[in-house]
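Below is one structure; the comments refer to it alone.
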Amino acid sequence: HLCLPPSPEHYLQEIGRAGRDGRPAKAIALPLVDEFISRHSLAHSDRLSNSQLSTVFLTLQHLVDEAVDDIPLEAGVDLTCNETNIDNLHVAIPVARTVDASDCKEESIETMLSLLEEENSSHSSLLSVEGYLPDAATITLKRCALEKLGKVEEVARSIEKCGTRLDQSGPQGDVGGTALEKGFYAYSFGTYKFSVVRCARCMGPTSEPRHVYAALRRLQDRGELELSLDVTASGRALHIRLKKDGIHLFRRRPSDYSDGGSIEGVKTMMSKQ
């Protein structure tokens, strides 16, 4: 590779093309010195301010709290204590909303998360960036109500927990659109919007977004529903898998922080990068 990619995420995607035939492969980067100034946003002119770091961290904190609340009671996790015995927690960072709220570039958020992936003297690896995905999904049921489908399909039960029904008035509801779309909705059994990552969490601790996509496509092929994924910027999300230390860190409140290992400590470390 000659020249730096825009972000670590882009570089991982590019080097992933090597070794597709199953043979050992090497990826060699040949960056130009002048590129570091324009690419490494945290170290030069686009350095993030403390308020921008706080906004992104508050977003992560909200997502972690929501994800912990989604853990079913049958999982046997004590949610009343600060440190829960959870090793993996999947969350989806809404990219467009986070960029607008923090007033920083998408590449800067990627770089920030890549620093949290690293293990160093101040903290262990807190999370793993799994990549971008279309997180906002909408389904329209064609054969039966969601409750009935949920008796035989786990993904339907999860959508019942985390989804929002768009046509609240039932089969004769009006969710807008063209005359053809209105006619389709009028004879459907409900239209629901939900987060794919959250749906996976509700399915169980071992479920991932790919399991939700597979289940929905299978049901669509069977004629049970119509699936629509929002592939625009507003529906795009960054899939993050938080590790145990990351979950513990972002669940803690300001009154619980100490100088070592707190969010403030991590922010101070990152602001110096």
Side-chain angles (χ1 to χ4, degrees), residues 60 62-80 84-94 127-171 173 175 184-185 187-231 234-244 246-247 250-251:
L60 276 171
H62 169 75
L63 293 171
V64 169
D65 285 342
E66 180 185 69
V68 171
D69 289 341
D70 285 337
I71 298 174
L73 294 175
E74 53 268 25
V77 178
D78 184 5
L79 303 179
T80 61
T84 56
N85 189 27
I86 312 169
D87 293 327
N88 288 298
L89 201 61
H90 296 269
V91 301
I93 299 178
L127 52 82
S128 172
V129 180
E130 303 295 306
Y132 287 96
L133 51 71
D135 186 55
T138 303
I139 60 166
T140 300
L141 299 163
K142 300 166 69 176
R143 289 185 175 177
C144 64
L146 188 63
E147 182 180 357
K148 184 176 180 180
L149 186 61
K151 294 179 180 180
V152 293
E153 293 289 347
E154 186 179 21
V155 68
R157 294 194 294 272
S158 297
I159 295 172
E160 279 190 277
K161 296 176 185 177
C162 69
T164 301
R165 184 163 183 171
L166 301 181
D167 55 336
Q168 291 291 347
S169 56
V175 293
F184 174 72
Y185 288 130
Y187 291 97
S188 73
F189 289 86
T191 299
Y192 296 82
K193 186 173 183 179
F194 58 95
S195 158
V196 172
V197 172
R198 190 176 185 191
C199 183
R201 289 200 305 263
C202 292
M203 286 175 66
T206 60
S207 295
E208 298 181 15
R210 59 189 176 90
H211 298 135
V212 176
Y213 291 130
L216 293 175
R217 288 181 178 123
R218 173 174 53 81
L219 292 174
Q220 181 170 246
D221 291 342
R222 272 174 34 190
E224 296 284 353
L225 55 82
E226 194 70 30
L227 169 65
S228 174
L229 296 173
D230 186 351
V231 295
S234 60
R236 185 165 162 263
L238 194 54
H239 177 200
I240 304 296
R241 179 173 60 83
L242 283 123
K243 301 178 182 179
K244 185 175 181 179
I247 298 167
F250 288 109
R251 280 198 76 212

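In this chain, numbering begins with 1 at the start of the sequence shown.
- Side chains of Tyr213 and Leu133 form a contact here, defined as non-hydrogen atoms less than 4.5 Å apart.
- Salt-bridge formation is not detected for the pair Glu224/Lys148: no Lys NZ or Arg NE/NH1/NH2 atom is positioned less than 4.0 Å from an Asp or Glu carboxylate oxygen.
- Summarising the local packing, CD of Glu66 is surrounded by more than 12 heavy atoms from other residues, nucleotides or ligands at distances under 6.0 Å.
- Looking at every heavy atom in both residues, Ser195 comes nearest to Cys162 through O-SG, 4.5 Å.
- Ala92 approaches Pro94 most closely through the heavy-atom pair O-CD, 3.3 Å.
- Partners of His90 according to the ring-ring contact (aromatic ring centres under 6.0 Å, His included) rule, which considers only residues two or more places apart in sequence or in another chain, are His239.
- Taking 4.5 Å as the limit, some side-chain heavy atom of Arg201 sits within range of a side-chain heavy atom of Val91.
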After noting the C-alpha distance and the side-chain angles of Phe194 and Ile139, does the key distance pass the side chain to side chain contact (heavy atoms under 4.5 Å, CB included) rule? CA-CA 9 Å; Phe194 58 95; Ile139 60 166; 3.9 Å; yes
Begin from the C-alpha positions of Leu225 and Phe189 and carry the test side chain to side chain contact (heavy atoms under 4.5 Å, CB included) through to its verdict. CA-CA 9 Å; Leu225 55 82; Phe189 289 86; over 6 Å; no
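- To the nearest 0.5 Å, the span separating CG on Leu60 from CG on Asp65 amounts to 11.0 Å.
- Using a 4.5 Å heavy-atom cutoff, the side chains of Ile240 and Val129 are in contact.
- Taking 4.5 Å as the limit, every side-chain heavy atom of Arg236 sits out of range of all side-chain heavy atoms of Asp135.
- Atom NZ of Lys193 and atom CG of Leu166 lie 7.0 Å apart (nearest 0.5 Å).
- When all heavy atoms of Cys202 and Lys161 are compared, the pair lying nearest together is O-NZ, 3.9 Å.
- Taking every heavy atom of both residues into account, Thr206 and His211 meet most closely at O-CE1, 3.7 Å.
- Nearest heavy-atom pair, Val64 versus Phe250, reported as atom, atom and distance to 0.1 Å: CG2-CB, 3.9 Å.
- Ile247 CD1 to Arg241 CZ: the interatomic distance, rounded to the nearest 0.5 Å, is 9.5 Å.
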What donor-acceptor contacts under 3.5 angstrom involve side-chain atoms of residues 151-158, with partners at least two apart or in another chain?
| unit_1 | atom_1 | unit_2 | atom_2 | d |
| --- | --- | --- | --- | --- |
| Glu153 | OE1 | Arg218 | NH2 | 3.0 |
| Glu153 | OE2 | Arg218 | NH1 | 3.1 |
| Glu153 | OE2 | Arg222 | NH1 | 3.2 |
| Arg157 | NH1 | Gly150 | O | 2.7 |
| Ser158 | OG | Glu154 | O | 3.3 |
| Ser158 | OG | Met203 | N | 3.3 |

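- Considering only heavy atoms from C-beta on, Ile159 comes within 4.5 Å of Leu216 through its side chain.
- In this structure the side chain of Leu63 never reaches within 4.5 angstrom of the side chain of Leu242, judged on heavy atoms.
- Put simply, the side chain of Thr138 does not reach to within 4.5 Å of the side chain of Asp230, judged on heavy atoms.
- Looking at every heavy atom in both residues, Leu227 comes nearest to Gln220 through N-OE1, 2.8 Å.
- Every side chain to side chain donor-acceptor pair (under 3.5 Å) that Arg210 has, sequence neighbours left out, goes to Glu208.
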